[in-house]
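Here the structure comes first, spelled out in structure tokens, and everything after it is commentary.
Every value quoted in this text rests on a predicted model; they were computed, and no experiment measured them. Throughout, protein chains are lettered first and strands after them, A, B, ... in sequence-line order, and every chain is numbered starting at 1.
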Amino acid sequence: MRNPLQILAWLLVLAAAAAVWFRPQALVEPGDLMPAHRSLAVDCLACHEPLRGVPDARCTGCHALADIGLVTTRGDTIRERGTAVAFHQGLAHPQCTACHSDHRGVQAYRPVQTFRHGLLAGDVVNLCAGCHVRPQDGFHASLGDDCAACHDTGDWRRARFDHARWFRFDRHHPATCATCHPAGAAAGYTCYGCHEHSRAGIRAEHLEEGIRDFEDCARCHRSGDEHEAERRMRDGGARRDDD
Amino acid sequence: MHRSLLRREILPFLFSFLALILFTILIDAALHRAGLVAVGRWLGIPGTVLILASFGYSARKRKLIRRGGAKAWLRSHEVLAWTGVLLVLVHAGVHVHAPLPWLALGAMLINVLSGLTGTWLLQRSRRRLEARREDYRAQGLSEAEAESRLAWDAVSYSLMRKWRTVHLPITVVCGGLALIHVASVLLLWGWR
């Protein structure tokens with residue numbers, strides 16, 4: 001090997017290997033460790049195991065699941081308890097690195113949103129309010145705790161609520177919540193207030209037909225089609241699809 | 001003349017490199033769109049295997065392998081290395097966290113540019129040699145005279161030799177850094 005460039009190349013590789021061996025944090029560390037773990041910065045194998053990465057046992061050795069959010073690793077009681085840590089006690093299969101990346105470089109690319117609800121045991125997964133703050137709008141305030149009736153954990157923002165089960169929208173009855181739910185409450189609604197839907201007019205029209213129970217309009221009128229109620233009555237009475 | 005130089009020599013050289021970058025972006029975007037980003041991380045393995053397989057050409061040249069023609073081995077070297085580098089680029093495109101993978105990636109790209117330059121020099125030498133030989137024959141020169149005049153062909157070959165003195169060290173740096181990267185991943189990464 002007389003080529004001086006080749007000798008230089010081998011020297012460069014050897015220097016890189018030596019740097020990785022003696023100061024791994026300089027070349028292979030994906031960003032600084034989080035402040036609480038800074039003392040481990042020069043000891044990669046404090047958390048990493050050859051071929052196994054960071055086994056959960058290395059984390060739970062210091063952070064017992066039963067203590068997370070309640071007691072610090074030094075044994076001090078945590079006074080300000082956040083809702084976001086309560087689920088740790090309900091984890092069926094702890095997989096710490098699925099959510100936590102202690103190196104700042106990784107954290108930027110893999111934030112904690114990668115939490116999988118499948119890790120939660122049994123009924124804990126249904127206790128949404130244990131970790132999530134209920135939406136503050138009037139619509140959600142009027143609903144119960146069964147979030148899963150409309151939402152799933154795959155895509156929280158996209159609800160699968162099917163309004164057509166109660167009332168189908170059309171161009172005269174657009175999907176503007178406040179028109180029918182003026183208080184923002186989902187459970188209650190009103191049809192009064194729009195053009196001929198006055199309480200007195202509706203009362204007179206229904207009494208003329210011998211209908212005395214007409215307060216729950218959508219029970220018979222499932223859309224803007226005024227003849228639909230007649231057809232439904234003829235076909236066996238007014239029933240909800242889910243009755 | 002200038003147009004011919006651009007079309008026959010410069011454009012294929014640029015096309016090969018730009019196609020590499022373009023395919024990397026397209027595959028990376030497709031993986032992100034399909035929610036298969038994690039697949040990209042594993043592409044480093046087949047990519048490395050293909051690059052290692054491309055060294056069959058070097059083994060053939062040093063007669064460690066005796067089967068197959070040199071031209072076919074050279075073509076396999078180009079195709080396997082290009083494809084392997086594409087997979088490694090997609091693997092790296094997912095995200096590079098630490099300085100060492102960045103260095104290995106940079107060395108690999110320099111190696112690719114160097115390899116493409118070598119391909120370009122070789123094709124150029126061949127074309128010039130053949131053109132000159134025909135030229136001398138047309139002039140009615142004897143084979144011996146033609147050969148002596150073809151002494152300039154040493155220029156071409158010495159150019160290739162000079163290129164090799166640069167390409168091999170770049171390959172050593174690229175391979176060495178990649179090896180350290182793989183070793184550190186084996187040591188620290190969780191295979192799950």
Where on [X] is there a heavy atom nearer than 4.5 Å to chain B: the side chain, the backbone, both, or neither?
| X | answer |
| --- | --- |
| A:Ala19 | neither |
| A:Val28 | both |
| A:Leu12 | side chain |

Whether over 12 other heavy atoms sit under 6.0 Å from B:Phe23 CZ: no
A:Arg38, CZ: over 12 other non-hydrogen atoms inside 6.0 angstrom: yes
Engaged part of B:Thr165 at the chain A interface, taking heavy atoms whose separation is under 4.5 Å: both
Which atoms of B:Leu103 approach chain A - backbone, side chain, both or neither, heavy atom under 4.5 Å: side chain
Leading residue by heavy atom contact count with chain A [cutoff under 4.5 Å; candidates B:Leu188, B:Ile180, B:Leu177]: B:Leu188
Interface residue of largest heavy-atom contact number with chain A, from B:Val172, B:Val173, B:Val166, under 4.5 Å: B:Val172
Shortest non-hydrogen contact from B:Pro99 toward A:Ala26: CG-O, 3.4 Å
Say you draw a straight line from [atom1] of [X] to [atom2] of [Y]; how long is it, rounded to the nearest 0.5 Å?
| X | Y | atom1 | atom2 | result |
| --- | --- | --- | --- | --- |
| A:Gln6 | B:Thr171 | CD | OG1 | 8.5 Å |
| B:Leu187 | A:Glu49 | CG | CD | 11.0 Å |
| B:Ser184 | A:Glu29 | OG | CD | 12.5 Å |

Close side-chain approach of A:Asn3 and B:Leu168, heavy atoms under 4.5 Å: no
